[in-house]
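The structure appears below as structure tokens.
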Amino acid sequence: MGNFEPAPDINCSLCSGHGYTLKPKKGFAHATICSCVERCQRCENGVVRKQIDGVWRSGRCRCQKLPDRIAMFNRSGITARHGDKSISNFKWIDASNHKIQTTTSLWVDRFAAGAEDKGIVFYGDVGRGKTHLMVGLCKMLIFDHGIPIRFIEFSRLLGQLRAGYSAGKSDEAVLGELVTVPILAIDEIGKGRLTEWEISIIDDIISRRYNALKPILGTTNYQWRGPSGTPVPALASQEFKQTLGDRIGARAFSRLVEISIPLQLHGADYRGLDERDVELMVRQASESSKPPKPKRFR
Ligand SMILES: [Zn+2]
Ligand SMILES: [Zn+2]
């Protein structure tokens, strides 16, 4: 966790030691500092004053780290529906996903250390927890490392652009931030009834981030493959068979490939499972992925 001072109470029943609580606000997740975080004794309203060589100087107090990261989270655009999702409350119900657990946690460390310039795209069928994992990574980047992210639902982005256009805004006003933010997290890449204009927008965002060496985190329900070559009228009738390349075009897909680590999520659809099933599957998955016992020498 973020190593905050004064430290949140790890036994706090409101925040479980995270230091913030969540409430929806206009459809987005909104965090507020938890009441278990005590008042700082070192500063006044976040400002420390010190006398150095007879001159009073003031600076920002360390206690501002948690409020700063909360503010960063509140600007990230993570939707209310996904706000409470984290890596620690993800249910690893399929043994094959344990590799993903390792890969993602290494990725966060490497990215935070400046040693990784690729993002991660989670793909697989609906209900496998792709968005859950992506939001979990976003929250680690924000709260543990202070790295700004911008979360956007693909279909909502296009709606915002359309609304912006009718309000006379340039797409630069809407797109600018999506290009400059250190991590852009796009949920459900390729979703929707894509017009040529919409494909050109996603192509533009991916190209500009590619050129700026800025990675993308993403999720998609489509197969992680280039265009299938199926003619367009035939594609419309078999949406589930489409590849991401079919959806966003060859150019955008090939750039995304270059700047991403693709991770496929396997396992059952969570939405059809009750809590007991999930717990049982988590147990089975963790047992089956234990390393085999070493053979005894005779
Ligand atoms: Zn608390
Ligand atoms: Zn302070």
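Just follow the structure's listing: the first ligand is 1, and inside any ligand the first atom is 1.
- Residues that satisfy the ring pair (Phe, Tyr, Trp, His ring centres under 6.0 Å) test with Phe122, not counting sequence neighbours, are absent from this structure.
- Ring to ring, Tyr123 and Tyr222 are not that close: their centroids are 6.0 angstrom or more apart.
- Using a 4.0 Å cut-off between charged nitrogen and carboxylate oxygen, Glu258 and Lys118 do not count as a salt-bridge pair.
- With the Zn ion (ligand 2) as the vertex, SG (Cys43) and SG (Cys40) define an angle of 110°, rounded to 10°.
- Between Ile186 and Ile202 there is a side-chain heavy-atom pair separated by less than 4.5 Å.
- Geometry about the Zn ion (ligand 2) gives an angle of 100° between SG of Cys63 and SG of Cys61, rounded in steps of 10 degrees.
- Within the structure, the side-chain hydrogen bond (donor to acceptor under 3.5 Å, both in side chains) test picks out no pair touching residues 43-58 (sequence neighbours left out).
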Would you sort out whether Glu5 and Lys65 count as a salt bridge (Lys or Arg N to Asp or Glu O under 4.0 Å), showing the intermediate values?
-> CA-CA 8 Å; Glu5 283 179 62; Lys65 188 162 141 188; over 6 Å; no
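- For Ser88, the side-chain contact (heavy atoms from CB on, under 4.5 Å) partners at least two apart in sequence or on another chain are Ser86.
- Inspection of the environment of the Zn ion (ligand 1) yields the following protein N, O or S atoms under 2.8 Å: Cys12 SG, Cys15 SG, Cys34 SG, Cys36 SG.
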